[in-house]
Novice: 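To start, I am sharing the structure in question, which I have written as C-alpha cells.
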Amino acid sequence: QVQLVESGGGSVQAGGSLRLSCAASQNARRANCMAWFRRAPGKEREEVARTDSDGWTRYTDSVKGRFAASRDNAKNSLDLQMDSLKPEDTAIYYCAAGSISYCRTPYPLRVAEFGYWGQGTPVSVSS
C-alpha cells in the first residue's frame with residue numbers, strides 16, 4: 001500500500017511562491033509515475049505536473065515556466081515549486097502515484113489512472 005502525505009500549502013499574494021512536498025511510503029518505489037493534481041472551486045481535478053522515475057516531467061500549459069516538479073527517488077518524495085502564483089492557481093493540490101507504463105504520454109492522465117492519492121493541501125492566492 002502506498003501512502004502519500006502532502007505539505008506546504010498556504011496563502012500567498014499574487015506573484016508569490018510556495019513549495020509543496022509529497023512524502024511517499026517505501027512501497028512508492030513500485031509507483032513509477034507520480035503527479036500533482038489540483039481541484040479549483042467548482043471545477044474538476046486536473047493534472048498539473050507529472051514525473052516518471054527517470055526524471056521526465058510534463059506540465060500543463062497554464063503552469064509552464066512557473067512551476068517546477070522535482071522528484072527524489074532516494075527519499076521517495078515529489079516536490080512542486082510554484083512561482084509567480086496567480087489567483088487562478090487557488091485550489092486543493094493533491095499528490096498522486098501509480099504504476100503506469102505510459103507515464104510519458106504527452107496527454108493529460110485521468111484521475112482514475114492513479115491508484116494512490118494524498119489527502120490534499122490547500123493553496124490560496126489573493127490578488
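Quick note: residue numbers are just sequence positions, from 1. Every heavy atom of this structure was used, including side-chain atoms; hydrogens, water molecules and symmetry mates were not.
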Novice: Give me the atom names and distance for the closest heavy-atom approach of L85 to V12.
Specialist: CD1-CG1, 3.6 Å

Novice: Might you work through the side-chain contact (heavy atoms from CB on, under 4.5 Å) test for Y93 and E6, ending with a clear yes or no?
Specialist: CA-CA 8 Å; Y93 283 71; E6 305 100 333; over 6 Å; no

Novice: Heavy atoms only: give me the nearest A31-S99 pair and the separation to one decimal.
Specialist: CA-OG, 3.8 Å

Novice: Got a second to check how far W36's CH2 is from L20's CG, nearest 0.5 Å?
Specialist: 4.5 Å

Novice: Could you tell me which non-hydrogen atom of C33 sits nearest to which non-hydrogen atom of R50, and how far apart they are?
Specialist: SG-CD, 3.6 Å

Novice: Search all heavy atoms of G118 against all heavy atoms of Y94 and return the closest pair with its distance.
Specialist: O-CD2, 3.8 Å

Novice: To the closest 0.5 Å, what do you measure between OG (S101) and CG (D52)?
Specialist: 12.0 Å

Novice: Going by the rule salt bridge (charged side-chain N to carboxylate O under 4.0 Å, His left out), which residues pair with D72 if we only count those two or more places apart in sequence or in a different chain?
Specialist: none

Novice: Give the intermediate values and the outcome of side chain to side chain donor-acceptor pair (under 3.5 Å) for residues S21 and D79.
Specialist: CA-CA 4 Å; S21 294; D79 290 353; 3.1 Å; yes

Novice: Would the distance check show the side chain of Q81 and the main-chain N or O of R19 forming a donor-acceptor pair, the cut-off being under 3.5 Å?
Specialist: no

Novice: To the nearest 0.5 Å, tell me how far N73 CG sits from T51 OG1.
Specialist: 8.0 Å

Novice: Are the side chain of N32 and the backbone N or O of I100 linked by a donor-acceptor pair below 3.5 Å?
Specialist: yes

Novice: Can any side-chain N or O of S77 pair as donor or acceptor with the backbone N or O of A23 at less than 3.5 Å?
Specialist: no

Novice: Could you tell me whether the side chain of Y59 and the main chain of A69 form a donor-acceptor pair under 3.5 Å?
Specialist: yes

Novice: Taking all non-hydrogen atoms of both residues, which atom of A24 and which atom of L4 are closest, and how far apart?
Specialist: CB-CD2, 3.5 Å

Novice: Could you grab the distance from atom OG1 of T121 to atom CD1 of I92, nearest 0.5 Å is fine?
Specialist: 7.5 Å

Novice: Using a 3.5 Å cut-off and no angle test, enumerate the donor-acceptor pairs between side-chain atoms of residues 107-115 and protein atoms at least two apart in sequence or in another chain.
Specialist:
from	atom 1	to	atom 2	distance (Å)
E113	OE1	R110	N	2.6
E113	OE2	Y102	OH	2.7

Novice: What distance separates S124 OG from Q13 CD, expressed to the nearest 0.5 Å?
Specialist: 11.0 Å

Novice: For the residue pair V125 and T90, what are the closest heavy atoms and their distance?
Specialist: N-OG1, 2.9 Å

Novice: Would you check, one step at a time, whether the test side-chain contact (heavy atoms from CB on, under 4.5 Å) holds for S53 with R71?
Specialist: CA-CA 8 Å; S53 53; R71 182 168 176 173; 4.1 Å; yes

Novice: Around E44, counting heavy atoms of other residues, nucleotides and ligands shown, do more than 12 lie under 6.0 Å from its CD?
Specialist: no

Novice: I'd like to check the salt bridge (charged side-chain N to carboxylate O under 4.0 Å, His left out) partners of D89; sequence neighbours left out, ordered by chain and number.
Specialist: R38, R66

Novice: Is a donor from one side chain sitting under 3.5 angstrom from an acceptor on the other, for D83 and S17?
Specialist: yes

Novice: How many angstroms lie between CD in Q119 and OG in S7, if you round to the nearest 0.5 Å?
Specialist: 8.5 Å

